[in-house]
Every structure is written in C-alpha cells, then in structure tokens.
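Basis for what follows: all heavy atoms, side chains included, without hydrogens, waters or symmetry-related copies. So that the names make sense, note that chain A is the first sequence line, chain B the second, and so on, each numbered from 1.
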Number of protein chains: 2
Amino acid sequence: MAQVPPHSRIPLDLPLDHVGSDACSVDNPASGMIREILARVGDKWSMLVIGVLHDGPLRFTQLHRKVDGISQRMLTQTLRNLERDGLVQRTSYPEIPPRVEYAATPLGTSLSEPVIRLALWAAEHQGEILAAREAFDEAE
Amino acid sequence: MAQVPPHSRIPLDLPLDHVGSDACSVDNPASGMIREILARVGDKWSMLVIGVLHDGPLRFTQLHRKVDGISQRMLTQTLRNLERDGLVQRTSYPEIPPRVEYAATPLGTSLSEPVIRLALWAAEHQGEILAAREAFDEAE
DNA sequence: CGGAATCCCACCTGATACTG
DNA sequence: CAGTATCAGGTGGGATTCCG
C-alpha cells in the first residue's frame, strides 16, 4: 500500500540535511518558520480537514460529520485559520436555508501531498511505534 | 511541483483515505493513528529534536543548547516520548560526571524525510501564506 | 443551517529549586 | 552533568446556549 503515487514527482534523493545542518538549522531563523508551519499543520484538526477537502468542496455540516470527533467550535476555528492562510476558500450562498461551502485552494491541495507522506509514514511504521511503546512501558 | 486541479474529482491515487475518517471503520483506527502521529510530530519540540539528532548523537546539555528556547523540563519530556516511541535511543554511560547520549534510531531518521517534505513545502509556500494572511487580516 | 458567545477545566508549559 | 519535584499561569478544546 506504500506505492509511490504515479503523479508524485518528488525526487527521492531529497537532502536530509535540510533540517539538522547549516541549510536549515535550529539556530537558524528558518527554524522559526518550520515551527510555525508545524504548529499550523500539526494542530489537532487542520490536516484532517485539509485531507477530507482534497476530494472536493464540502458544506459545514458535511465536514462536521466527516472529521470524526471534532467539535463545532474547533471546526469553525480550524476553517477560519485555514481560510486566513489561503488554504481553504469559503463560499457563502445567500439562500434559505443558508449554505456555505468550503473548498481547498490550489495551495491547500498542494499541502495535501506532504501531509499524505506523513500519513503514509505513520501507516507504515505504526506497528514499530506501538511495539516500541509496549516494550518501553513494560520495561519500567 | 505536482499540479492538481483544485476541485477535481479525479480519483486519488494517493491513499488519502487515511487522513479523513470516512473511509475508515467506525472506530477509525487509522484516523486515530494519524492523529496521534501528528500530535507527536506537531508538538512544539519533537521535530526540532529529531532534526538536530539527524546529524548524530548528542548529549543532554548539547541538545539543550541546540534546540533554542526549550526548557529543561520539556527537553526531558520530549526525549522520553521519542524514546518511548522508538524514535530516539538513550544511552547512559555510568561515569563521573555522568554522560547520557541521545541518538536517532533508524525509525527516527526515517521520520525525518516526510517532515522535511513538510518543511520544504513550508519554505516554498511561505510567501503565499503570509500574503494570504495579510490580505485576510486587512479585509476584516 | 452555520455559526458566535459563554463557561469551564484539563493539560501544556515555563520558572524555580533541589538531587545523585 | 543530567535530571526530578513543585508550583503557577496560560491556553486548547469540549459542552452548552443563543442567534440570523
């Protein structure tokens, strides 16, 4: 299931030094950027919303159902942040009853790919993580 | 980068179902797992630690200096979590004065790659995000 | 239907002090 | 050096209620 998607054109010889060394070290101001992005993307819900919106626009209530466990408050807040960052576009139709659609922007869609990488990594290594966790918990 | 039409209903050859909740079972093991991974990866310090450890093992105080702004408490806690998940290996040398080394495991190193993709995405689109943010803030 | 406003608390986090 | 212990403040996020 971990096959590389056909339209993925990310070179696999990615330089891994970009986080740890001079190109982008933690002493470097660039790390602030990383931290900020991870904060945005890594919050409890943003990535899941981006994920479900990749398939197409959804209404508020549809999103509420699709993203399991999210509260109304958090969904609203998350959508606001994503909209603010240009990752999601909100379109309101002045009808009765009111209808509001949320769609991923091209920018938001482009974010899906790295997010999916992470998801794949998680899927691939979840067994190892769980095993390590059990071993650790049992050893103490 | 891979251009994807914003609202295309093209079937995803990427297993995006692991991100949302719909394609998973009711209990959503995959979604919960993703969420958990994102929680680990997205917390304030884990990735920075993984990042600096990518270059090689470091001692506690070295880490403390390299990861700017982290408190002793959070460094300890972060390292414990990473160790528990098998991402970091802790080695204690019974010497005087005591010496403890932290090294990224192969699993931890493999995590760097998707994270770096995220960082690269951030670097690439940071300008767009900031512009969108300014436009949004100004419009309200 | 799609929110906004309010209440409230668990937990995250930093600061400080102490220990083997 | 490499932590642990304790306290205190801020905040993330759920539950509930109300509104256009």
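- The backbone N or O of M74(B) sits nowhere less than 3.5 Å from a side-chain atom of Q77(B) that would complete a donor-acceptor pair.
- In this entry the distance linking CD1 of I70(A) with P of dA15(D) reads 12 Å, nearest Å.
- Side-chain atoms of H64(B) never come within 3.5 Å of backbone atoms of F60(B) as a donor-acceptor pair (strictly under, hydrogens ignored).
- Using a 4.0 Å heavy-atom criterion, one finds that Y102(A) contacts the sugar-phosphate atoms exclusively.
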Worksheet entry | Test side-chain contact (heavy atoms from CB on, under 4.5 Å) applied to Y93(A) and E101(A), step by step | CA-CA 8 Å; Y93(A) 300 91; E101(A) 273 195 351; 3.8 Å; yes
Using the 3.5 Å cut-off, write out each protein N or O paired with an N or O of nucleotides 5-12 of chain D and the distance between them.
unit_1 : atom_1 : unit_2 : atom_2 : d
dT6(D) : O4     : R73(B) : NH1    : 3.3

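- No donor-acceptor pair under 3.5 Å is formed between the side chain of E138(A) and the backbone N or O of A135(A).
- Computed from coordinates, the H64(A) NE2 to dG14(D) P distance equals 10 Å when rounded to whole Å.
- Summarising the geometry, the separation between CD on E101(B) and C1' on dC1(D) is reported as 13 Å, rounded to the nearest angstrom.
- The backbone N or O of W45(A) sits nowhere less than 3.5 Å from a side-chain atom of T78(A) that would complete a donor-acceptor pair.
- First and last contacts of DNA chain C with chain B, using any nucleotide atom under 4.0 Å from a protein heavy atom and ordered 5' to 3', fall at dT13(C) to dG20(C).
- Remark: R40(B) pairs with R133(A), D43(B), S46(B), N81(B), L82(B), D85(B), L87(B) by the side chain to side chain contact (heavy atoms under 4.5 Å, CB included) rule, at least two apart or across chains.
- Dense packing is recorded around CD of E95(B), with more than 12 heavy atoms of other residues, nucleotides or ligands lying under 6.0 Å away.
- OP1 or OP2 of dG3(D) has not a single side-chain nitrogen or oxygen of R99(B) nearer than 4.0 Å.
- In this structure, S112(A) contributes its side chain and G51(A) its backbone to no donor-acceptor pair below 3.5 Å.
- Distance, L63(B) CG to dA2(D) P: 9 Å, rounded to whole Å.
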